[in-house]
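Written out below as structure tokens is the structure these notes cover.
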Amino acid sequence: MKFSALHSLVVALASCNVVWATSVPRCSESLNLTDSCYYVPLPNVSVSNATRTVPWGEPTIEYANGTTCCSSLDQVRTALDDIDAKLLQLLSTRVLHENIQAAYVREATRFKSTEASVDDPTRNQQVIQGAIDDAPAVGLPQIIAQMVYRNIVNSSVLFEECIRNYIVTKATRSSTHMNWIE
């Protein structure tokens with residue numbers, strides 16, 4: 001089940017089917033040894049004090065033109081910076097859209113009559129669990145889906161509480177001010 005446009009972007013990014021520059025990378029099949037790191041709970045792995053020659057291992061991203069990513073940490077960071085910019089834009093759409101009056105999270109607040117109704121633990125868990133359940137299908141580690149969505153949901157609740165309380169406070173002040181004038 002897909003819960004939001006952000007979820008769709010995370011799914012697309014995780015499956016390596018996102019356009020970087022003019023090439024489309026695809027995930028290599030060489031991740032078999034670390035497959036258990038893609039599922040919750042994470043495996044209990046002891047800390048290794050070994051020093052490795054950098055870069056170690058083989059590139060795991062191959063572009064359609066046959067080249068691989070990445071030959072340097074800077075190249076990895078540049079690609080992550082591009083993805084982060086897209087994630088921020090999508091989060092903006094989730095919360096603010098093009099205009100603060102059209103925010104989806106803010107809009108949800110209009111349908112919540114009390115402070116207690118803003119935080120819906122059942123719905124919150126449904127969103128988080130949906131992301132966890134969908135993560136393996138696109139190669140996204142479940143721990144990343146779980147933590148990202150937990151933080152998105154928790155921060156959305158805080159934002160909604162702020163909006164609701166601001167609107168209620170503003171309405172109360174306006175009402176009090178209008179009564180005083182009359």
Side-chain angles (χ1 to χ4, degrees), residues 1-96 105 119-161:
M1 178 189 281
K2 304 297 181 241
F3 293 103
S4 67
L6 176 64
H7 183 263
S8 298
L9 179 65
V10 170
V11 166
L13 294 173
S15 64
C16 300
N17 289 326
V18 64
V19 175
W20 294 342
T22 58
S23 302
V24 178
R26 61 177 192 261
C27 294
S28 167
E29 297 301 320
S30 65
L31 299 176
N32 296 338
L33 297 176
T34 58
D35 280 351
S36 60
C37 291
Y38 281 72
Y39 298 94
V40 172
L42 290 175
N44 187 10
V45 180
S46 59
V47 175
S48 170
N49 292 321
T51 301
R52 295 182 172 154
T53 303
V54 175
W56 56 270
E58 296 296 319
T60 58
I61 298 174
E62 184 178 320
Y63 295 102
N65 66 7
T67 62
T68 59
C69 179
C70 298
S71 60
S72 71
L73 186 55
D74 286 341
Q75 190 178 5
V76 171
R77 288 179 175 161
T78 298
L80 288 172
D81 289 346
D82 291 345
I83 292 168
D84 290 344
K86 292 172 185 168
L87 283 171
L88 284 174
Q89 183 61 43
L90 207 47
L91 279 170
S92 160
T93 302
R94 186 179 202 278
V95 178
L96 299 176
V105 172
D119 188 6
D120 182 349
T122 301
R123 172 64 179 156
N124 297 348
Q125 188 54 41
Q126 180 186 25
V127 170
I128 295 164
Q129 191 60 51
I132 293 168
D133 292 346
D134 288 349
V138 298
L140 179 66
Q142 287 181 317
I143 191 68
I144 292 175
Q146 179 183 37
M147 299 307 290
V148 166
Y149 274 83
R150 181 179 294 150
N151 284 303
I152 288 171
V153 166
N154 289 339
S155 59
S156 293
V157 168
L158 293 174
F159 179 74
E160 282 186 68
E161 288 171 345

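In what follows, residues are counted from 1 in the order of the sequence shown.
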Supply the atom-to-atom distance [X] [atom1] to [Y] [atom2], rounded to the nearest 0.5 angstrom.
{"X": "Glu161", "Y": "Asp119", "atom1": "CD", "atom2": "CG", "value": "6.5 Å"}
{"X": "Lys86", "Y": "Asp81", "atom1": "NZ", "atom2": "CG", "value": "12.0 Å"}
{"X": "Gln146", "Y": "Leu140", "atom1": "CD", "atom2": "CG", "value": "11.5 Å"}
{"X": "Asn124", "Y": "Arg150", "atom1": "CG", "atom2": "CZ", "value": "11.0 Å"}
{"X": "Asp84", "Y": "Arg77", "atom1": "CG", "atom2": "CZ", "value": "12.0 Å"}
{"X": "Leu73", "Y": "Leu80", "atom1": "CG", "atom2": "CG", "value": "9.0 Å"}

With sequence neighbours left out, write down each residue that passes side-chain hydrogen bond (donor to acceptor under 3.5 Å, both in side chains) with Ser71, or none if nothing qualifies.
Gln75
Across all chains, not counting sequence neighbours, the side-chain hydrogen bond (donor to acceptor under 3.5 Å, both in side chains) partners of Asn154 are none
Could you tell me if the side chain of Ile132 sits less than 4.5 Å from the side chain of Gln129, heavy atoms only?
yes
Please examine the side chains of Tyr63 and Cys69, heavy atoms only from C-beta on, and report whether any two atoms are closer than 4.5 Å.
yes
Listed by chain and number, what are the side chain to side chain contact (heavy atoms under 4.5 Å, CB included) partners of Pro43, not counting sequence neighbours?
Ser36, Cys37, Val45
Just checking, any donor-acceptor pair under 3.5 angstrom between side chains of Ser72 and Asp74?
no
Minimum heavy-atom separation for Tyr149 to Ala131, with atom names?
CD1-CB, 3.4 Å
